[in-house]
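Below you'll find the structure, written out as structure tokens, and then a few comments.
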Amino acid sequence: MTDTVVAHLSAEALCGGYRAAAEAAPRLAAVRSSIASLLNASATDIALTDNATRAWQAVFYALPFGPGDRILTCRAEYASNVIAFLQTAERTGARIEVVDDDETGQLDVEDLRRRMDERVRLIAITHVPTQGGLVNPAEEVGRVAEEAGVPFLLDACQSAGQLDLDVERLRCDALSAPGRKYLRGPRGTGFLYVRPRLRERLRPAVLDLHSAVWTGPDSYEIDKTARMFETWERGVAATLGLGAAVDYALSLGLGRIEERVCDLARRLRDDLRQVPGVQVHDQGARQCGIVTFAVGGMPSAEVHHRLTRLNVNTSVSLREYARYDLGARDLPDLVRASVHYYNTEEELRRLVEAVDGLPAGRPRGRSRDLPGNVLARGYSAPADKTIAEP
């Protein structure tokens, strides 16, 4: 991926952006085809964007809402999406309803079904939350949405690249995802899948000469494909890098990736639960590669800081990013560690030892000076480095 990006940037420097893009046109077109293969979709259903939020917003802000219309979402929903719901409710008089969780902590499909009526205009959920390893039952949600004829918008920001996604199986009308995170592509890339039956009902909030054609002094025509949600200007090098990252994931097989990631995460959860003072907070009947935990007596930001000093990179899932969920569970900010297929059992052991050696736990004589480095998911590293976190 990196070589692909650098090669195109070099071409732009040598011959200029227009010529470099023209020469790369066949490879640019292939990026949509690769993403379509990733999702079991058609290339005409794929739009390229500069991030996952922009992709999600492109569909959401094209949907019409009025007073009393209902938007159904989940407790695991991400802050950016909820803020968009709140803004739209404020503007239009639409209502936001949060579907209950079931006993496992995932979206309760039966509660969703009970809430369906003629005023429901959208079901929008996060597939995998930023604050835990939960995998929401998106296929079952898609079935409910399809039966009711209600659009289903799926945020796959954390699931694309670690789970085997099939839009036909998911029955979603739209799906948004970034190039970074589990796909290991460049920052500043994202993509959007939009089913034809939804595109026929929408008029994008933003149009330009790429997403529409100026047909006369007083007329224009919107593109019929998912390109209606794109704009002309883009980072060509980054887009080609996205294509390279997707092709690499396809070469490994998403089914194999999912199996490996979920197995490693299960082992990490089991091992962390054995550390005194550590609580793992992942929920759901089905779980994935994101592992969230707290260390008793120590704020998660401090845990993150201390682990960073030991060359163990984690991140912090802030309570303000997931108020419906972490607020309802009365949980503070959480430490997040995420595994990927290239991790080893030895790397997981080193991460657990780092947590076990924190002052809030009970050290067991293990060294605090760990070799190696736990790096961010999405970056390549030498073979002697440990990689565990986005």
Roughly how far apart are [X] [atom1] and [Y] [atom2], rounded to 0.5 Å?
| X | Y | atom1 | atom2 | answer |
| --- | --- | --- | --- | --- |
| Arg306 | Thr314 | CZ | OG1 | 13.0 Å |
| Leu264 | Tyr341 | CG | OH | 12.5 Å |
| Leu112 | Ile123 | CG | CD1 | 4.5 Å |
| Leu242 | Arg234 | CG | CZ | 10.0 Å |
| Asp271 | Leu351 | CG | CG | 10.0 Å |
| Arg319 | Asp325 | CZ | CG | 10.0 Å |

Can you list the steps and then say if Arg267 with Asp270 is a salt bridge (Lys or Arg N to Asp or Glu O under 4.0 Å)?
CA-CA 5 Å; Arg267 298 184 193 193; Asp270 290 344; over 6 Å; no
How about [X] and [Y]: do any of their side-chain heavy atoms sit closer than 4.5 Å?
| X | Y | result |
| --- | --- | --- |
| Leu107 | Val109 | yes |
| Asp100 | Arg115 | yes |
| Thr344 | Arg349 | no |
| Gln162 | Lys181 | no |
| His340 | Ile257 | yes |
| Val278 | Leu272 | yes |
| Leu254 | Leu163 | no |
| His210 | Glu233 | no |

For [X], give me all partners under side-chain hydrogen bond (donor to acceptor under 3.5 Å, both in side chains), at least two apart in sequence or on another chain.
| X | value |
| --- | --- |
| Glu12 | His8 |
| Ser159 | His127 |
| Ser176 | none |
| Glu146 | Arg171, Arg197 |

For [X], the rest of its hydrophobic cluster, which grows through side-chain links under 4.5 angstrom:
| X | answer |
| --- | --- |
| Leu331 | Leu326, Leu334 |
| Leu28 | Val236, Leu240 |
| Leu209 | Tyr18, Trp232 |
| Leu86 | Trp56, Val59, Phe60, Tyr61, Leu63, Phe65, Ile71, Val82, Phe85, Ile96, Val98, Leu122, Leu153, Leu192, Val194, Leu198, Leu202, Leu207, Tyr220, Ile222, Met228, Phe229, Tyr324 |

Regarding Thr92 and Thr88, is there a side-chain donor-to-acceptor distance under 3.5 Å anywhere?
no
Say whether Gln131 and Thr292, considering side chains only, have a donor N or O and an acceptor N or O under 3.5 Å apart.
no
Is it the case that one hydrophobic cluster holds both Leu252 and Val339, taking links as side-chain heavy atoms less than 4.5 Å apart, direct or via other members?
yes
Shared hydrophobic cluster, Met1 / Val6 (ILVMFWY, side-chain heavy atoms < 4.5 Å)
no
List the steps, then state whether side-chain contact (heavy atoms from CB on, under 4.5 Å) holds for Thr126 with Cys157.
CA-CA 8 Å; Thr126 292; Cys157 190; over 6 Å; no
Under the criterion side-chain contact (heavy atoms from CB on, under 4.5 Å), I'd like the reasoning laid out for Arg329 against Arg75: C-alpha separation, chi angles, the key distance, then a yes or no.
CA-CA 10 Å; Arg329 290 194 278 160; Arg75 292 203 176 277; over 6 Å; no
How close do [X] and [Y] get, counting heavy atoms only, and between which atoms?
| X | Y | answer |
| --- | --- | --- |
| Glu320 | Ala79 | O-CB, 3.7 Å |
| Cys15 | Ala20 | SG-N, 3.9 Å |
| Cys172 | Tyr193 | O-CE2, 3.6 Å |
| Ser34 | Leu250 | O-CD1, 3.6 Å |
| Ala36 | Ala43 | CB-N, 3.6 Å |
| Gln287 | Val135 | C-CG2, 3.9 Å |

Evaluate the side chain to side chain donor-acceptor pair (under 3.5 Å) criterion for residues Arg336 and Ser315: first the C-alpha distance (whole Å), next the side-chain angles of each, then the deciding distance (0.1 Å), finally the verdict.
CA-CA 5 Å; Arg336 185 178 72 182; Ser315 62; 3.2 Å; yes
So, [X] and [Y], do they make that salt bridge, N to O below 4.0 Å?
| X | Y | value |
| --- | --- | --- |
| Glu168 | Arg195 | yes |
| Glu147 | Arg113 | yes |
| Arg350 | Glu353 | no |

Check Asn136, Leu72, Val99, Asn81 against Ile125 for a side chain to side chain contact (heavy atoms under 4.5 Å, CB included) and give me the one that passes.
Asn136
Between Leu134 and Asp282, does the side-chain contact (heavy atoms from CB on, under 4.5 Å) criterion hold? Intermediate values first, please.
CA-CA 6 Å; Leu134 162 74; Asp282 299 325; over 6 Å; no
Could you list the residues that satisfy salt bridge (Lys or Arg N to Asp or Glu O under 4.0 Å) with Asp102, not counting sequence neighbours?
none
With a cut-off of 6.0 Å (strictly less than), are more than 12 heavy atoms of other residues, nucleotides or ligands near CZ of Arg19?
no
Please indicate whether Arg114 has more than 12 foreign heavy atoms, meaning atoms of other residues, nucleotides or ligands, lying under 6.0 Å from its CZ.
yes
Counting N and O atoms only, with roles assigned by atom type, does the side chain of Thr189 sit under 3.5 Å from a partner on the main chain of Gly185, one being a donor and the other an acceptor?
no
Could you please spell out the steps behind the side-chain contact (heavy atoms from CB on, under 4.5 Å) verdict for Asp101 and Asp108?
CA-CA 5 Å; Asp101 287 343; Asp108 187 334; 5.8 Å; no
Would you mind listing every salt bridge (Lys or Arg N to Asp or Glu O under 4.0 Å) that reaches into [range], with sequence neighbours excluded?
| range | value |
| --- | --- |
| residues 30-48 | Arg32-Glu230, Asp45-Arg199 |
| residues 49-74 | Asp50-Arg54, Asp69-Arg119, Asp69-Arg121, Arg70-Glu97, Arg70-Asp117 |
| residues 251-260 | Glu258-Arg286, Arg260-Glu345 |

